[in-house]
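Letters A, B, ... mirror the listed sequences (proteins, then strands); counts begin at 1. Side-chain atoms are counted along with the backbone in the values below, which use heavy atoms only and exclude waters and symmetry mates.
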Number of protein chains: 2
Amino acid sequence: MDLNQFLPYQLSILSLKISNGIAEHYQDQFGINISEWRVLVILYKNPDITAKKIAQLSQMDKVRISRTVKSLVQKNYLTQSQHPLDARAKNYELNERGRYLMRAVIPDALRYEEELLSQLNQDERAQLHHLIGKFNRILG
Amino acid sequence: MDLNQFLPYQLSILSLKISNGIAEHYQDQFGINISEWRVLVILYKNPDITAKKIAQLSQMDKVRISRTVKSLVQKNYLTQSQHPLDARAKNYELNERGRYLMRAVIPDALRYEEELLSQLNQDERAQLHHLIGKFNRILG
DNA sequence: TAATATTTGTTTCATTTGTAACTATTTTTG
DNA sequence: CAAAAATAGTTACAAATGAAACAAATATTA
């Protein structure tokens, strides 16, 4: 048995390389971590949603969401407001500063992705897309 | 920008699913974690090597190796011996109990991998292999 | 060969993370 | 409608992690 040929190992190494690279880049360039980045992306497209909804959309757990929105409010990228129907919940949305940040961050992210994908030809891209979909179906 | 279509995000979710599944399985079945599992696999094929060599082969950092071999020695799966030429280093190898464990763990791991791969046809397997190799080359 | 630099491995410390317990509120049910 | 159950979110605690400092030994170099 060769560790380097073992699929789960290969995948974890690969994904670690990619996400460490991104994490470092975002920390340096924008002072945000991956959790914060994910929540910001979600809120950019989905304004005025609760932590629960963020959790659903990001696949992050509620503790992490709680900490992340707290930090983003402190950094003054989000505004919090009472949920109109549920006193337990709060709604979150990007404030002007948050939207400004995202107008820089998102093109940057897409550029990074495009740079990765640009090394693949059309067939390889399609295969990648297909395989990711398939694994997600397999793994639930 | 859709988080769910963003490649680095998809990869990290995927790899997390796979490695969490495995981690839980190994903890339940054999009482070992992923770090321990990796070091055991390395030592199964490479007896009598130093922590440094383990680090090279596993791509784990030296702190993690140090802790992992310590724990494996405590759990009595490894024997430690002085390195003959370098007083700073120790050699590690599986003892009988460690080899016994690995004779159970390795087929189990390969079965898991095979179960994953069995859901792919021959073309898809080849594509997967190709893409992993390509990404590793791209990302260094 | 003595001084300096490098290497091997461990420990310390701060950070991240997840589980479980908790509070507060809302929903369900008898 | 009151009691019980469920839900939204936070906090407390413990485990995992990594960077940096460290000790000990080896290698280099002047």
Residue pair B:R64, B:D61: steps toward the salt bridge (Lys or Arg N to Asp or Glu O under 4.0 Å) verdict
CA-CA 6 Å; B:R64 212 166 157 195; B:D61 77 296; 5.5 Å; no
side-chain hydrogen bond (donor to acceptor under 3.5 Å, both in side chains), that's the test. Do A:H130 and B:E124 meet it? Break it down for me.
CA-CA 9 Å; A:H130 171 74; B:E124 289 169 332; 2.5 Å; yes
Apply side chain to side chain contact (heavy atoms under 4.5 Å, CB included) to residues B:L72 and B:L94 and explain how you reach the verdict.
CA-CA 9 Å; B:L72 287 173; B:L94 299 183; over 6 Å; no
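Separating the CD atom of B:Q80 from the P atom of C:dT8 is a distance of 17 Å, rounded to the nearest angstrom. Per the geometry, CZ belonging to B:R64 stands 16 Å off P belonging to C:dT10, to the nearest Å. Computed from coordinates, the B:L16 CG to C:dT16 C1' distance equals 14 Å when rounded to whole Å. If you measure from atom CG of B:N33 to atom P of D:dT17, you get 7 Å, rounded to the nearest angstrom. Put simply, CD1 on A:I65 is 12 Å from P on C:dT17, counting in whole angstrom units. The CD-P distance, from B:E24 to D:dA16, rounds to 15 Å in whole Å. The distance between atom CG of B:D86 and atom C1' of D:dA24, rounded to the nearest whole Å, is 10 Å. Atom C1' of nucleotide D:dA25 and atom CG of B:L85 are separated by 13 Å, given to the nearest angstrom.
The cluster map of Ile, Leu, Val, Met, Phe, Trp and Tyr, joined by side-chain heavy atoms under 4.5 Å apart, puts A:I22 and B:L16 in different clusters.
In this structure, B:E96 places its CD atom where more than 12 heavy-atom neighbours from other residues, nucleotides or ligands lie under 6.0 Å away.
With rounding to the nearest 0.5 Å, the separation of NZ in A:K45 from CG in B:D2 is 6.5 Å.
Taking 4.0 Å as the cut-off between side-chain N and carboxylate O, B:R125 and B:E114 count as a salt-bridged pair.
Remark: aromatic rings of B:Y9 and A:W37 are distant, center separation not under 6.0 Å.
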Heteroatom pairs (N/O) under 3.5 angstrom, protein to nucleotides 2-7 of chain C:
from	atom 1	to	atom 2	distance (Å)
C:dT7	O2	B:R88	NH1	2.2

Between the protein and nucleotides 11-15 of chain C, which nitrogen or oxygen pairs are less than 3.5 angstrom apart?
from	atom 1	to	atom 2	distance (Å)
C:dT12	O4	B:R67	NH2	3.0

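Every pair passing side chain to side chain donor-acceptor pair (under 3.5 Å) that includes a residue from residues 77-93 of chain B is listed here, sequence neighbours excluded: B:Q80-B:Y92, B:D86-B:R88.
Each of B:K62 and A:D61 was assigned the nucleotide of DNA chain C with the nearest heavy atom; the assignment lying further toward the 5' end belongs to B:K62.
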